[in-house]
Number of protein chains: 2
Amino acid sequence: MSAPKPTQLSVRQPVRKRRTPNEARDEILLAAEDRLRIHGIDGLNVVDVAKACGMSHATVLHHFGSTGGMRRALVSHMTARLIDDIVASLEQHPEIEPPEMLRSLFHTLATGGHTKLLAWLSLSGEEFAPSGESGSMLIEHFNALIPVIAARLPESPDQLGHARRVVFMIATAAIGFGVGGPLLPAVIGLSPDDTDIFSVWLGQQIDHLRSN
Amino acid sequence: MSAPKPTQLSVRQPVRKRRTPNEARDEILLAAEDRLRIHGIDGLNVVDVAKACGMSHATVLHHFGSTGGMRRALVSHMTARLIDDIVASLEQHPEIEPPEMLRSLFHTLATGGHTKLLAWLSLSGEEFAPSGESGSMLIEHFNALIPVIAARLPESPDQLGHARRVVFMIATAAIGFGVGGPLLPAVIGLSPDDTDIFSVWLGQQIDHLRSN
DNA sequence: CCCTCTATCTACACGATTGTTGATAGGAAA
DNA sequence: TTTCCTATCAACAATCGTGTAGATAGAGGG
């Protein structure tokens with residue numbers, strides 16, 4: 001009279017979605033990036049990321065070896081996308097004046113979630129700093145980018161060095177804007193709309209650079 | 001024959017250091033701030049902070065109620081110190097020209113560990129954002145500071161608004177410098193010494209502001 | 001000297017997170 | 001079909017961080 005094989009749950013739903021390894025990795029990293037942006041640092045644990053993908057956390061560990069492996073892969077993934085975003089931003093303004101190009105670069109850096117990544121890295125105690133492969137790759141890509149930007153700047157004696165300094169300033173401003181943006185205006189007493197002055201500021205700054 | 005009361009360890013070292021509540025809180029927050037700066041976000045757990053103070057984690061919980069309580073107290077403590085640092089920075093240059101004053105303000109913001117705090121807050125998903133008491137206190141203090149800074153800026157139609165915008169720009173640059181500082185130069189290909197251009201940049205920017 | 005107060009400790013309980021293991025199922029190739 | 005590979009899962013074990021409870025020891029007041 002008793003059921004023959006009541007393995008705890010009788011009606012199972014053995015509908016497993018089988019992905020290729022690359023599909024699985026991409027899906028996981030996409031969800032991880034989302035969770036970093038929305039839930040902050042605490043969102044980067046294997047259980048929650050796996051849940052966001054609709055898979056078990058054991059699967060995530062299967063693909064990345066460990067939680068640290070997943071996080072390192074996320075750093076690589078996001079820095080790679082950073083490069084892509086920058087290239088796209090540059091190609092979007094192929095023949096335009098430097099100010100507009102640099103403004104676009106600023107916008108790309110400040111609004112793409114890259115600042116969250118940097119804030120995380122600056123807090124992670126170097127553990128996930130882009131060293132090794134991903135770090136050298138990042139440096140390599142930037143070394144390729146600098147001449148492209150330099151070619152669009154007004155002539156100067158040290159064209160490449162000048163381009164590096166310009167990128168450094170733009171990037172620093174973008175990071176500050178991305179990290180402090182949501183909090184600073186309220187504390188200082190500016191309306192969020194007033195942050196538009198950043199465009200003005202950047203414009204002034206860039207104009208100033210041309211006469212440098 | 002058996003020992004009467006062998007409470008696990010026979011020879012105890014019951015040398016407890018008894019502090020006043022204020023002493024204990026200060027000691028704990030000092031250690032917590034150190035750990036945030038050095039070990040990043042992971043350093044802010046009660047066990048490690050307590051260990052750094054040479055006390056048990058139960059004592060930390062006794063004084064702050066919970067881990068969250070300790071962290072909130074740390075935010076209050078560090079923002080209060082931020083205000084103190086700014087005031088000290090302003091008093092250090094009582095009669096000096098605005099550029100030097102603002103450069104000093106930038107230096108204070110960028111090098112005091114405040115950027116770590118902001119990076120943490122921007123990643124903590126608002127949980128520890130300075131709301132309530134500490135937040136309104138911070139805003140209050142800044143509202144008191146703005147006129148002081150405004151009085152030192154060249155005249156303009158909207159003196160207070162101008163001061164707010166100047167502070168916003170300086171603060172944003174400082175945050176970007178503090179967060180990205182250690183990583184950016186290497187990636188972009190600048191020597192760490194080249195970051196001195198930031199002083200030059202700030203100087204130019206501030207000169208530009210005067211004619212605004 | 002005794003009493004009271006409480007800062008501090010040790011020990012434990014609990015939940016969350018990580019990582020492992022063995023079994024299973026999806027899919028492709030034979 | 002049959003076979004093989006492996007992506008996937010449920011269940012377990014181990015560890016870590018948080019929080020609680022009861023006991024203890026400084027220190028001041030009576």
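The chains referred to below are lettered A, B, ... by the order of the sequence lines, with proteins before strands, and numbering in each begins at 1. Just so it is clear, the values below take in all heavy atoms, side chains as well, and ignore hydrogens, waters and symmetry mates.
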If only side-chain N and O atoms count, and only distance matters, is there a donor-acceptor pair under 3.5 Å linking Asp48(A) with His39(A)?
no
Categorize Gly54(A) for me: base, sugar-phosphate, or nothing, with a 4.0 angstrom heavy-atom threshold over every strand shown.
sugar-phosphate
Let me know the distance between CD of Glu27(A) and C1' of dT8(D), rounded to the nearest Å.
13 Å
Assign each of Pro21(A) and Leu61(B) the nucleotide of DNA chain D bearing its closest heavy atom; nearer the 5' end lies the nucleotide of Pro21(A)
How many whole angstroms separate atom CZ of Phe64(B) from atom P of dT8(C)?
11 Å
Nearest-Å distance for atom pair CE/C1', residues Met70(A) and dG19(C):
13 Å
Rounded to whole angstroms, how far apart are CZ on Arg71(B) and C1' on dG17(D)?
10 Å
Starting at CG of Asn45(B) and ending at P of dA16(C), how long is that distance when rounded to a whole Å?
18 Å
Thr67(B) side-chain N/O to dG19(D) phosphate OP1/OP2 under 4.0 Å:
yes
Report which part of the nucleic acid Ser66(A) touches: base, sugar-phosphate, or nothing (heavy-atom distance under 4.0 Å, all strands).
sugar-phosphate
Mapping Ala58(B) and Arg18(B) onto DNA chain D by nearest heavy atom, which one lands closer to the 5' end?
Ala58(B)
CG of Asp42(B) versus C1' of dC16(D): gap in Å, rounded?
12 Å
Taking NZ from Lys51(B) and P from dT18(D), how many angstroms apart are they, rounded to a whole number?
12 Å
N/O donor-acceptor pair, side chain His57(B) with base dG19(D), under 3.5 angstrom
yes
Contact under 4.0 Å: His63(A) side-chain N or O vs dT8(D) OP1/OP2
yes
Whole-Å distance, Glu23(B) CD to dG26(D) P, equals 16 Å
Ser56(A) side-chain N/O to dT8(D) phosphate OP1/OP2 under 4.0 Å:
no
Below 4.0 angstrom from OP1 or OP2 of dT8(D), is there any side-chain N or O of His62(A)?
no
Check: Thr115(A) and Phe177(A) side chains under 4.5 Å, non-hydrogen atoms:
no
Pairwise distance CD(Glu33(B)) to NE2(His77(B)) - rounded to 0.5 angstrom:
6.0 Å
With the side chain counted from C-beta on, respond yes when Phe142(B) and Ile139(B) share a heavy-atom pair under 4.5 Å apart, and no when they do not.
no
Could you tell me whether the side chain of Leu190(A) reaches within less than 4.5 Å of the side chain of Leu184(A), counting heavy atoms only?
no
Is the phosphate of dT8(D) approached by Arg19(A) (side-chain N or O, under 4.0 Å from OP1 or OP2)?
yes
Base, sugar-phosphate, or nothing: which does Val46(A) touch, judged by heavy atoms less than 4.0 Å apart?
sugar-phosphate
